There are 2 protein chains.
Amino acid sequence: MVQQKDNAPRTPLSRERVLSAAVVLADQSGVESLSMRKLAQELGVVPMALYKHVANKEELLDGMVDVIVGEIDTGASGVDWKSAVRQRVLAARQILLRHPWARRVIESRTSKSPVVLEYMDSMIGMFRSGGFSVDLTHHVMHALGSRMWGFTQEVFDDDPASAPAEVPPEILRAMAERYPHVMEIAMRADHDGESVVGQGCDDQFEFEFALDLLLDGFERLHQQGWTSRRSAAQR
Amino acid sequence: MVQQKDNAPRTPLSRERVLSAAVVLADQSGVESLSMRKLAQELGVVPMALYKHVANKEELLDGMVDVIVGEIDTGASGVDWKSAVRQRVLAARQILLRHPWARRVIESRTSKSPVVLEYMDSMIGMFRSGGFSVDLTHHVMHALGSRMWGFTQEVFDDDPASAPAEVPPEILRAMAERYPHVMEIAMRADHDGESVVGQGCDDQFEFEFALDLLLDGFERLHQQGWTSRRSAAQR
DNA sequence: ACCTGAACACCGTTCAAGT
DNA sequence: ACCTGAACACCGTTCAAGT
């Protein structure tokens, strides 16, 4: 209300303008507070005007995902499948880190847009070019899951409270008693005995650790000529 | 309005009753349609009455997660870490499959309840009992991520449309041209040449495939005496 | 034919008025 | 002191009335 755009619609509304405004709004204040009404206001437009460019809010979210996925650097290089996949996933991660809301929205989409299919297709292609069978590639894509977008859902968050430094010591002691293993890890000291109490942890390191663990596993199965033999064995 | 509970509150409202009614409601019609108002109506109570037992909707959702996590069969046995973890995760999966909404709600929680901490603590304990270092256990828990709750976010969904059988053949042909790798996998034939077009895929198989891949990787690192050496190498 | 204000059917939560 | 109806400040979307 205070900073509503003063312009008469000099640039006419378009799907693109709607989508990128929505992305900016989500970047600024999160998806949960993104509403059709606020978006319209931001664009200096009556709410119903949006419905000329997106059928409903779901389609708006679909479009926002497309904008994000379109940002992912897809510049491949003539390297081996493993480096190619690794590079692509880490590129996706760079984008996703800039749009923290995108993680949740990607997960919530039920249908896949051409942009998303394109992305998946080229990633599958990397494994196939590396000589992976259709069978193995299929399972490998499942195992990769949302990591192919460069994120994991961090259900395990390290510090039991959000800011361990501010938790009073008697509470910490009580927690260490009830949840000894959780606290041991949250308060871990590293191998050299140097204490790194409550320093949180390096997300990028954790991400690459798990990614490489999976990629190494994929490579091993591929080299062994692994096959699921589903129909023969269990159907 | 049509089947509102006729009873005067014979059983007085309690946190437990509120939570389990919420779980039932979510089971029946999904979380997205679970509202404080509908829940109150289901319990034959005025909306505001709920706020005596839960501070707000967020706390309601927290409580619902506790109910679900509490259902997980935690009956351990004196087996090796790998079987113990595997068994626990698959037990969690059984529960999660019965409450499809729980996946999304667990992911959305920002704070961890005692019930959740308890669950995580005992899982960490399994690795520690297996001789894993604090360091390795830490990374391994991250790599496990939400798989420790028995689910993955199925971003990769196999069939590009939801019901491939109903997609007209000319559309299929067009898609095969644009997304050859995606279609190849969706339409995969197994090794013996027997066609399994569009049969979808076995979620349980995929889940166990990825879980075992990770567990095998963990085992290998453990046997190698892997350590992150973070402070030495990069800090 | 296009555009849009008002309205509809919802939300979660506050708050003051009733007991 | 407790309980709760009405109200507030929102939603996404429909629809009919205006141009």
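Values below: all heavy atoms of this structure, side chains included; hydrogens, waters and symmetry mates excluded. Model, not experiment: these values are computed from the prediction. Chain identifiers are assigned alphabetically (A, B, ...) following the order of the sequence lines, protein sequences preceding nucleic acid strands; residue numbering begins at 1 within each chain.
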Integer-rounded Å distance: D/dA9 P and B/Asn56 CG: 20 Å
Rounded distance (Å) that lies between atom P of D/dT14 and atom NZ of A/Lys57: 15 Å
Partner nucleotide, any strand, of D/dT13 [Watson-Crick/G-U, under 3.5 Å]: C/dA7
Length of the CD-P vector between A/Gln41 and D/dC10, whole Å: 10 Å
Phosphate OP1/OP2 of C/dC3: any A/Lys52 side-chain N/O under 4.0 Å: yes
Euclidean distance, atom NZ of residue A/Lys38 to atom C1' of D/dA9 [Å, nearest integer]: 11 Å
Whole-angstrom distance between D/dG18 and C/dC8, as gauged at atom P: 16 Å
Side chain of B/Arg37 - closest among D/dA7, C/dT14, D/dC15: D/dA7
Whether B/Asp121 side chain and A/His181 backbone form a donor-acceptor pair below 3.5 Å: yes
Distance, rounded to the nearest Å, where B/Leu43 contributes CG and D/dT4 contributes P: 13 Å
Rounded distance in Å - CE (B/Met48) to P (C/dC11): 16 Å
Opposite nucleotide pairing with D/dG18, Watson-Crick or G-U, both atom distances under 3.5 Å: C/dC2
Sugar-phosphate, base or nothing in reach of A/Met36, heavy atoms under 4.0 Å: sugar-phosphate
Whole-Å gap separating C1' (C/dG5) and OH (A/Tyr51): 15 Å
Parallel, tilted or perpendicular: rings of A/His99 and A/Trp101 (30°, 60°): perpendicular
Between C1' of C/dC10 and CG of B/Leu39, the distance in whole Å: 16 Å
Under-4.0 Å salt bridge between B/Arg98 and B/Asp27: no
B/Val69: which of B/Asp66, B/Val65, B/Val67 passes side chain to side chain contact (heavy atoms under 4.5 Å, CB included): B/Val65
A/Arg93 to A/Phe151 six-membered ring, cation-pi geometry met (6.0 Å, 45°): no
